[in-house]
Amino acid sequence: MGRLKSLLLVFIVIVMSSGCLVLSLNPGYDDTTIGWDPNLVGDWVDADDKATLQIDRSEWKSYRIHYVHPIQTGDVTAYLTAIGNERFLDVMPLRGEDRGAFLVPVHAVLHLRLDGDRLELTPLSYEWFLERVRAGRSVPWLDAALDQKENILLISPSSRLRDWLRIQSVDGPAFGASTTFARKPGSR
């Protein structure tokens with residue numbers, strides 16, 4: 001679990017201002033809504049965090065993302081999905097690696113805005129979920145719990161997660177701070 005979490009943690013650190021995670025046991029996509037956008041492929045940089053993403057095409061409409069952050073580098077698999085009029089990137093540990101029977105692949109769902117050479121990723125708000133879970137307040141349609149490290153773990157089926165995301169405003173409190181990447185010139 002440590003290696004899995006550290007790989008996902010570093011990627012999420014790139015796109016989150018807080019230090020803890022909102023993860024889902026089930027993906028934010030389903031087989032009928034997986035999309036593909038060739039404009040995501042390329043090299044991206046966030047000068048503020050000194051972080052880079054190299055996004056490449058991978059198998060079955062997936063993306064392979066190699067990230068470099070000042071504290072660690074790694075690789076993850078991502079799937080693009082549409083929910084209503086919005087697009088999301090579902091990020092998970094790299095597919096095709098055997099991590100053993102006790103490791104469960106988890107998903108981080110990021111809202112995605114792509115405008116030319118500008119990529120904006122917005123995670124779910126750890127603080128918003130933490131407040132509700134600690135106070136015993138429910139999140140309509142979602143089942144959420146804290147793990148031992150106080151990460152938020154969403155255990156609802158994909159269909160309920162997608163229904164919940166469909167009615168959320170990306171500018172609302174359920175989403176955290178965005179991170180903006182710029183495409184490196186000539187990296188298409």
Side-chain angles (χ1 to χ4, degrees), residues 1-25 27-29 37-58 62-81 87-100 103-131 146-154 170-171 173-188:
M1 186 71 153
R3 180 164 189 242
L4 168 71
K5 263 191 158 168
S6 66
L7 285 175
L8 202 52
L9 173 63
V10 172
F11 181 75
I12 300 303
V13 163
I14 294 170
V15 295
M16 289 182 70
S17 60
S18 67
C20 294
L21 304 172
V22 178
L23 302 169
S24 176
L25 284 180
Y29 62 86
D37 187 343
N39 294 315
L40 279 174
V41 173
D43 296 325
W44 301 87
V45 64
D46 173 15
D48 293 337
D49 289 337
K50 297 178 179 64
T52 62
L53 302 176
Q54 179 184 350
I55 303 177
D56 294 311
R57 182 182 189 120
S58 193
S62 69
Y63 299 90
R64 181 183 178 121
I65 300 176
H66 176 73
Y67 59 86
V68 176
H69 190 269
I71 61 171
Q72 189 174 1
T73 64
D75 297 286
V76 293
T77 296
Y79 292 95
L80 179 66
T81 187
R87 297 194 309 168
F88 294 85
L89 203 58
D90 183 295
V91 179
M92 60 182 289
L94 194 61
R95 290 186 78 94
E97 289 185 3
D98 183 7
R99 292 178 184 81
L103 298 179
V104 177
V106 292
H107 302 261
V109 179
L110 310 167
H111 181 265
L112 178 142
R113 283 189 181 132
L114 179 62
D115 185 16
D117 291 337
R118 182 178 174 276
L119 172 63
E120 182 180 300
L121 297 173
T122 308
L124 294 173
S125 171
Y126 174 76
E127 292 82 10
W128 188 82
F129 277 93
L130 182 64
E131 175 187 330
L146 288 175
D147 70 7
Q148 283 183 315
K149 294 185 178 183
E150 295 213 340
N151 293 304
I152 302 296
L153 186 59
L154 304 176
V170 177
D171 299 322
F175 284 89
S178 297
T179 298
T180 302
F181 295 87
R183 185 185 303 277
K184 286 185 181 178
S187 72
R188 280 191 191 236

> Would you name the heavy atoms of Pro173 and Ser125 that are closest together and state the gap between them?
O-CB, 3.4 Å
> Between Arg183 and Asp43, does at least one N-O distance fall below 4.0 Å, as a salt bridge requires?
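A salt bridge is absent here (no side-chain N lies under 4.0 Å from a carboxylate O).
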> Would you give the length of the straight line joining atom CD1 of Ile71 to atom NZ of Lys50, rounded to the nearest 0.5 angstrom?
13.5 Å
> Answer whether the closest heavy-atom distance between the side chains of Val22 and Asn151 falls below 4.5 Å.
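Result no, sub-4.5 Å side-chain heavy-atom pair not found.
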> Calculate, to the nearest 0.5 Å, the distance between atoms CD and CZ belonging to Glu120 and Phe181 respectively.
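Rounded to the nearest 0.5 Å, the CD-CZ separation comes to 11.0 Å.
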> Glu150: which residues meet the salt bridge (Lys or Arg N to Asp or Glu O under 4.0 Å) condition with it, sequence neighbours left out?
Arg134
> Where is the tightest heavy-atom contact between Ile65 and Ala78, given as atom of each residue plus distance?
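Nearest pair, atom of Ile65 first, then Ala78: CD1-CB, 3.7 Å.
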> Kindly indicate whether the side chain of Tyr67, heavy atoms from C-beta on, has any atom under 4.5 Å from the side chain of Thr52.
no
> Do the side chain of Tyr79 and the main chain of Gly28 share a donor and acceptor less than 3.5 angstrom apart?
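Flag not set: sc Tyr79 to bb Gly28 has no pair under 3.5 Å.
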> What heavy-atom pair brings Ser62 and Thr77 nearest, and what distance separates the two atoms?
CB-CG2, 4.0 Å
> Is any side-chain heavy atom of Cys20 closer than 4.5 Å to one of Tyr126?
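Contact flag for Tyr126/Cys20 side chains = yes.
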> Quick one: does any side-chain atom of Asp147 pair with a main-chain N or O of Lys149 as donor and acceptor, under 3.5 Å?
yes
> Just jot down the side chain to side chain donor-acceptor pair (under 3.5 Å) partners of Arg57, sequence neighbours excluded, or say none.
none
> Partners of Ser24 by side chain to side chain donor-acceptor pair (under 3.5 Å), sequence neighbours excluded?
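Ser24 satisfies side chain to side chain donor-acceptor pair (under 3.5 Å) with no other residue.
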> CD1/Ile152 to CG/Leu21 distance, rounded to the nearest 0.5 angstrom?
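Rounded to the nearest 0.5 Å, the CD1-CG separation comes to 10.0 Å.
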> Find the distance between CG (Leu153) and CD (Gln148) and round it off to the nearest 0.5 Å.
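Between atom CG of Leu153 and atom CD of Gln148 there are 12.0 Å.
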> Check Asp117 with Lys184, please: is the shortest side-chain N to carboxylate O separation under 4.0 Å?
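Result for this pair is no, no salt bridge flagged.
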> Can you tell if the side chain of Asp37 reaches within under 4.5 Å of the side chain of Arg87, non-hydrogen atoms only?
yes
> Quick one, Thr81 with Asp90, criterion side chain to side chain contact (heavy atoms under 4.5 Å, CB included). Give me CA distance, side-chain angles, the key distance, then yes/no.
CA-CA 8 Å; Thr81 187; Asp90 183 295; 5.5 Å; no
> Is there a side-chain contact between Phe129 and Leu154, using heavy atoms and a 4.5 Å cut-off?
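Yes, at least one pair of side-chain atoms sits under 4.5 Å.
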> Taking all atoms of both residues into account, what is the closest heavy-atom pair of Pro123 and Ala177, and its distance?
CD-O, 3.3 Å
> Give me the atom names and distance for the closest heavy-atom approach of Phe88 to His111.
CD2-CA, 3.6 Å
> Less than 4.5 Å apart, any side-chain heavy atom of Leu53 and any of Leu121?
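The answer is yes; the side chains approach within 4.5 Å.
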> Calculate, to the nearest 0.5 Å, the distance between atoms OG1 and CG belonging to Thr122 and Asp171 respectively.
8.5 Å
> Identify the heavy atoms of Tyr63 and Ser58 that sit nearest to each other, and give their distance.
C-CB, 3.9 Å
> What I'd like to find out is whether the side chain of Val76 reaches to under 4.5 Å of the side chain of Met92, using heavy atoms alone.
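Side-chain contact under 4.5 Å: no.
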> Could you tell me the separation between the CG atom of Leu119 and the CD1 atom of Ile55, rounded to the nearest 0.5 Å?
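Reported to 0.5 Å precision, the distance equals 5.5 Å.
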